[in-house]
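So the structure is just underneath, and the comments pick up after that.
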Amino acid sequence: MRMSKLVGRKIKEDPKDAVTTSHKFLIRGGYIRPVSAGIHSLLPLGKRIVRKIEAIIREEMDAVEGQEVLMPVVLPAELWVESGRLESIGSELLRFKDRNDKNMLLAMTHEEAVCHLVRTEVNSYKQLPLMVYQIQTKYRDEARPRAGMIRAREFTMKDAYSFHADQECLDTYYDRVLQAYERIFQRVGLKNCVTIESDPGMMGGDTSHEFMALADCGEDVVFISPDGSYKANREVAVAKCEFKKEESLPLEKVATPGMKTIGEVAEFLNLKPENTGKAVFFQEASGDLIFAMIRGDLEVNEAKLRKIIASAELVHASDEAILASGAVPGYASPLSLDPAKIKIVVDRSVAECSNLVVGANESGCHYKNFNFDRDLSDAQVADIAMVREGDPCPLTGEPLKMRRGIEVGNIFKLGTKYSAPMNCSFLDQNGKSRNMIMGCYGIGVGRTMASVLEQSHDKWGPIWPISIAPYHVHLCSLNPKKEGVAAAADKIYADLLEKGVEVLYDDRGEKAGFMFNDADLTGIPYRLTVSPKTLSSSQIELKTRGAEGSSVIDLDAAATIVANTVFDTLKKKS
RNA sequence: CGGGAUGUAGCGCAGUCUGGUUAGCGCGUUUGACUGGGGGUCAAAAGGUCGGAGGUUCGAAUCCUCUCAUCCCGACCA
């Protein structure tokens, strides 16, 4: 490609709306252009990267017997009524009516569509297991799109769905996909991508994993042990915290007028927050109240709590609801609650610590010296604590490190969450109808491109791994008007193309510094420079993006040397 | 959805507080000349609903009201 004709100019200054490195460089380098909040056009360079990422994904999906399909972006709402998600999903699902007043929606994921597809095509155990996948546009009406491609409203996703006759088959297949995912992220050149167990959340199912590209701009928090043996996201992370028991002191009511928060109470009684117990009220969708108790310095992890009480929906309870249960907000006590009205879940930190200050369920009063064993045996004890940086690793006991990550992929064991309501079933060996067991597997394609850039750049621009670089070679022709420079550059351009090397040819005749800066901002792995300086000795310059220095090679052998270098590197990296 | 910020040429900005002719600057673009290894120099040129609507005023980019858009923090997040 001749750069003089390439669509997508380089931009010298940082766009004012871009904050993250990938967002800035993708715009400045001419990879993407914003169109609306969270909606972008891909320019030719960006499209080439995306195609290469997609090609790697296709190879790996095909290698686990995936069959590529393409399902519609626009779906009739009735399919989502079947699964129940039309109701359960909020306004991030974009709904609209067509000209016949029929309810439609823009798919944000395709479980419904794939169940519709598979239930009409597959009806025998002999056809299972199977996996179909697609690389398709998704739309989520995000409340707050951000960071360019990292959290967009419209984005490209590879989503795959597997169907099995039994759980064991899913379990085996799931592990194969997990390994395929790790190969994909390694092949696209993510240097720092970790596989972590995650909380299936509203997707349902029992097991899920996330693939996190570690980057400071990531939205998700990952806890990692120093030796890397333990990795988990914030929702599921556990810590091996040790708590000290002391001799129990007698329960004592103390006046704490106007002291409602943990900080206020601790300061008033001249204690640390660790010496208090905090009450947090939650409400289930059914309206039932949950009283969660945790040591004052810790926070309740709602995902863990949800799992323990087996409730998909959990919100902070209103003061009215708390009052109605007979508890006094701000002074709520575990001691005088009616277990029939309210379920009590106590964190290990409270159960295993001694002499805590807790509410007295009376305005302006607290109890000192609460001891769980003695004072409240009738409650469920569980780990519902949010892990903090530095907490001991559950495996090694070493202090956990907290890192930020971009979720580039996730995989779920869905079970029959969708197949059951949508009647996606098959006849087994005994002629009995059973629901298919499903798994689903997603990868954010644009997000992957941005993540690679987040992890691989310098102050001048991206340093693309050759596996996804838009071109292999960036050819600069300096002073093309002089001494046969243009002719030499044209020739090596043609020779490289002949050998199958992808070349971006800067034939614009700009000043050297201008072109070099554009080359750095483009980030192609190899830069070839043709100029009078080296041409006088029948040589040209070869430089590797991101590396110091450069070398000169003989003009006659250049195309062969460069082509071999490119193809050797490509082979090694895949 | 709550809090904050910003909308002026393709991009980045000044001007707004304190209203006053033809609204500026840098980069980019076009033309010509010189220059030629890390964003060069000179000359000329094109390019503007000052986000939008309403209002105040003799007069509004500037003051007031409403509105839209974009970004940031938070909530939310298959």
Side-chain angles (χ1 to χ4, degrees), chain A residues 8-20 23-24 27-28 30 33-39 80 83-86 88-94 105-114 138-148 150-153 155 157 159 161 198-205 208 210 217 219-220 235 302-303 312-316 407 409-412 414 417-418 440-442 444 459-461 476-483 485 506 508-521 527 529-536 540-541 543 550 552:
Chain A
R9 67 166 85 244
K10 307 292 178 204
I11 293 169
K12 193 186 280 190
E13 286 160 295
D14 282 341
K16 69 173 171 181
D17 288 340
V19 174
T20 57
H23 195 189
K24 286 178 186 169
I27 291 172
R28 286 188 49 202
R33 287 291 177 259
V35 174
S36 180
I39 299 179
W80 286 54
S83 70
R85 287 210 293 184
L86 192 69
S88 66
I89 291 182
S91 46
E92 64 268 27
L93 177 65
L94 187 61
L105 54 85
L106 287 187
M108 51 201 296
T109 173
H110 279 80
E111 281 76 15
E112 286 81 0
V114 80
K138 299 276 188 282
Y139 187 88
R140 290 182 197 170
D141 214 4
E142 291 284 353
R144 185 151 99 81
R146 52 191 297 250
I150 291 174
R151 189 170 202 80
R153 289 195 291 171
F155 57 99
M157 186 178 195
D159 49 326
Y161 307 88
S198 63
D199 179 51
M202 282 182 71
M203 278 302 281
S208 67
E210 289 173 349
C217 70
E219 300 178 285
D220 298 294
E235 282 71 40
E302 287 182 41
E313 280 184 61
L314 209 57
V315 293
H316 280 275
E407 184 185 342
N410 51 25
I411 57 179
F412 298 86
L414 292 176
K417 179 173 163 89
Y418 296 91
C440 79
Y441 318 90
K459 62 187 279 206
W460 306 107
C476 291
S477 158
L478 260 51
N479 303 339
K481 285 181 197 156
K482 286 215 173 141
E483 304 163 40
V485 170
D506 192 343
R508 297 173 300 172
E510 297 288 348
K511 296 277 287 190
F514 190 93
M515 298 211 289
F516 290 159
N517 276 297
D518 275 3
D520 289 344
L521 185 54
R527 189 184 82 196
T529 307
V530 180
S531 76
K533 194 167 106 181
T534 56
L535 216 50
S536 60
I540 64 173
E541 178 188 324
K543 185 177 190 308
S550 63
V552 288

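Numbered from 1 within each chain, the chains take letters A, B, ... in sequence-line order.
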Whole angstrom value for the distance that separates P of B:U35 from NZ of A:Lys481: 10 Å
Evaluate whether atom CZ of A:Arg9 has more than 12 neighbouring non-hydrogen atoms of other residues, nucleotides or ligands under 6.0 angstrom away. no
Rounded interatomic separation in angstrom, taking CG from A:Leu478 and P from B:G40: 13 Å
Using only side-chain N and O atoms of A:Arg144, determine if any of them is under 4.0 Å from OP1 or OP2 of B:C72. yes
Do A:Asp159 side-chain atoms and A:Tyr161 backbone N/O form a donor-acceptor pair below 3.5 Å? no
Which distance, rounded to the nearest 0.5 Å, do you find between the OG1 of A:Thr20 and the CZ of A:Arg146? 8.5 Å
Sub-3.5 Å pairs of nitrogen or oxygen atoms, protein against nucleotides 7-15 of chain B:
from, atom 1, to, atom 2, distance (Å)
B:G12, OP1, A:Lys16, N, 3.4

Close N/O contacts between protein and nucleotides 3-5 of chain B (under 3.5 Å):
none

Pairs: protein N or O with nucleotides 44-50 of chain B N or O, under 3.5 Å:
none

Side-chain-base donor-acceptor pair under 3.5 Å for A:Asp518 and B:G39: yes
Quick check: on RNA chain B, is the nucleotide nearest A:Gly38 upstream (toward 5') of the one nearest A:Tyr161, or the reverse? Name the residue that is more 5'. A:Gly38
Check the phosphate of B:U70 against A:Ser36, side-chain N and O only, distance under 4.0 Å to OP1 or OP2. Yes or no? yes
